[in-house]
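Indexing begins at 1, ligand by ligand and atom by atom, following the structure's order.
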Amino acid sequence: MSYVAIATSPFQSAVADLLPCNKYLKSRLTHALIEVYGLLDHVDECIVDAVAHRDQLVQFHQREYVDTVLNEQHNRVQLYDSDGETGWNYLNGVALEWGETGEGVDQCGFDSWKELFQYYLRVSDEITPSRKRPLDSDDDDGISGSEAKEEALKVFNLEGDCPIFSYLPMYVRTVTGATLQLADCLLRKAALDKRFIGMNWDGGRHHASKGKASGFCYVNDIVLLIQKLRKQGTGKVTYLDFDLHHGDGVERAFKFTKKVQTISLHLYEPGFFPCTGSLEGSSGFDTVNLPLQHGLTDSFLQGLVDQVVNPLIQRHGPEVIVIQCGGDGLLGDTFHEWQLSIRGLTKCILDVMSHSTQAHVILLGGGGYNPTLMSRFYTYLTGRILHQFKNTDPFPGMNGAQEESLIRDHKYIECYGDDEHYKFWVYSIQGSQKHRTLREENTTDQIDKFIKFYSI
Ligand SMILES: [Zn+2]
């Protein structure tokens, strides 16, 4: 029997949604939907308030970079450029309103940003009591407002799509702490001879590198997790990345380590971020790139997993598989590049888990820019994992032909209204306005090419 742990809570979700690209919704919708389907009743352990400390972050990241990101000056509502086109001032508006009027009381269980931050300080103080500082302190930590600050932000790429946003240090430490806590759980359960399955849908920040933020990723919790697992005595690890974008930060970190296999399947074409991940950029079967075209369908992905991904993982023989479950390749995502369905992507992930029955598995989030699509995806995936690996049926309406078609009533139900009509499967209903089919540009020749290239 597997031991299943998940890192999720109203606290973690409220903090994770500070990330501007989460649109102040993604994580809270996910937590609420997982809760309303009763999934938390079936997990063995729920991690609710893990917070990483600086010393853990510098295990991979440069000290100067970490110190800049964690600068306490950033633990407050930030004033953004008022240029409406950037979109960041939307969050700022929410932040100011919530902080000053108490809006959000029934949204996530905290009255204000201050209350949320105070909770964070209490939780983090258990680990680092010396780092507490008074709220509303106007002390300048040395770089605010100076030219040096601007220069530092440029060097660390803390601009563009990776701006300093409100409470950035709290966000970074909370999301990373949740991922790292899963490594501790794994160690405890592996010692008891149980297969461990851990989840943190707020993690999976695969683009961040040692001294640079990139693509909405500030701290690479995946690299930190794998390093921690290796330090704890884990032998071989496989990292598998389902995100629409190449998992460049993780690949770079482990390029020269045979013990860690990285496999990334992603859209690859000139000019598409992060512009890396070609087949030629692969090396042996430790650094695997599976570059794909537009329009990826469930059936193509299934073939790729069966014929290429699973055999490559089997060849490596990992003790732990870390899976990045980015959902920006789903039909209904704002990128609109691939057309995977929630069921199709979920099945591929489950097949990888079933194929390597000896390996522990840690599943993390990633990209995905339609919050109501992502909450559906992570809720369904969590439910299916519990169904398959805990022999429970927390989701009786969603496992077969009788799948429930309407989102269950809960406090965020209105987010699923309007043109979505509260339907769970709105994006996969044939004929619905939301179901737009793209041309599948991937061909079976590509799979044959991969098989030949990797000598499978
Ligand atoms: Zn992505």
Side-chain angles (χ1 to χ4, degrees), residues 16-17 19-23 25-27 29-30 87 157 160-163 171 175-176 179 199-209 212-223 225 239-253 262-278 281 288-298 300-301 304 309 322-342 344-346 348-349 363-378 381 427 438 442:
D17 276 342
L19 183 68
C21 66
N22 279 4
K23 299 179 182 152
L25 274 177
K26 179 179 170 184
S27 184
L29 291 188
T30 301
N157 195 35
D161 60 8
C162 296
Y171 162 82
V175 168
T176 310
T179 297
M199 296 169 260
N200 173 21
W201 303 132
D202 295 318
R205 312 313 305 168
H206 60 167
H207 294 307
S209 59
K212 259 190 176 52
S214 175
F216 312 127
C217 303
Y218 294 77
V219 163
N220 200 315
D221 60 310
I222 307 165
V223 172
L225 169 73
Y239 169 70
L240 173 60
D241 189 320
F242 281 101
D243 197 278
L244 177 70
H245 301 89
H246 179 225
D248 56 342
V250 185
E251 180 186 281
R252 258 196 314 272
T262 59
I263 303 175
S264 177
L265 53 96
H266 46 263
L267 176 66
Y268 181 75
E269 65 169 10
F272 188 72
F273 184 85
C275 303
T276 51
S278 65
V288 176
N289 281 315
L290 303 171
L292 299 167
Q293 312 298 313
H294 294 269
L296 184 71
T297 55
D298 291 345
F300 191 94
L301 181 63
L304 191 64
V309 174
V322 176
I323 307 179
Q324 200 264 23
C325 305
D328 37 9
L330 288 170
L331 185 67
D333 187 80
T334 54
F335 266 99
H336 201 56
E337 296 282 5
W338 287 352
Q339 49 189 329
L340 302 172
S341 73
I342 288 175
L345 181 53
T346 297
C348 287
I349 293 167
L363 302 107
L364 303 171
Y369 303 97
N370 176 343
T372 57
L373 175 68
M374 292 308 294
S375 60
R376 290 171 165 96
F377 171 46
Y378 289 140
L381 178 56
Y427 296 96
L438 299 166
N442 295 282

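Looking at Leu19 and Tyr218, their side chains come closer than 4.5 Å, going by heavy atoms from C-beta outward.
Using the six-membered ring where Trp is involved, Trp201 and Tyr378 have ring planes that are parallel, under 30° apart on the 30 and 60° scheme.
The Zn ion (ligand 1) lies closest to atom ND1 when only the N/O/S atoms of His245 are considered. For Asp328, the N, O or S atom with the smallest separation from the Zn ion (ligand 1) is OD2. Taking the Zn ion (ligand 1) as reference, Asp243 places its N/O/S atom OD1 nearest.
Between Phe273 and Phe335, the distance from one ring center to the other does not fall under 6.0 angstrom.
Donor-acceptor pairing under 3.5 Å is recorded for the side chains of His206 and Asp241.
Within the coordination shell of the Zn ion (ligand 1), defined by N, O or S atoms under 2.8 Å, His206 is absent.
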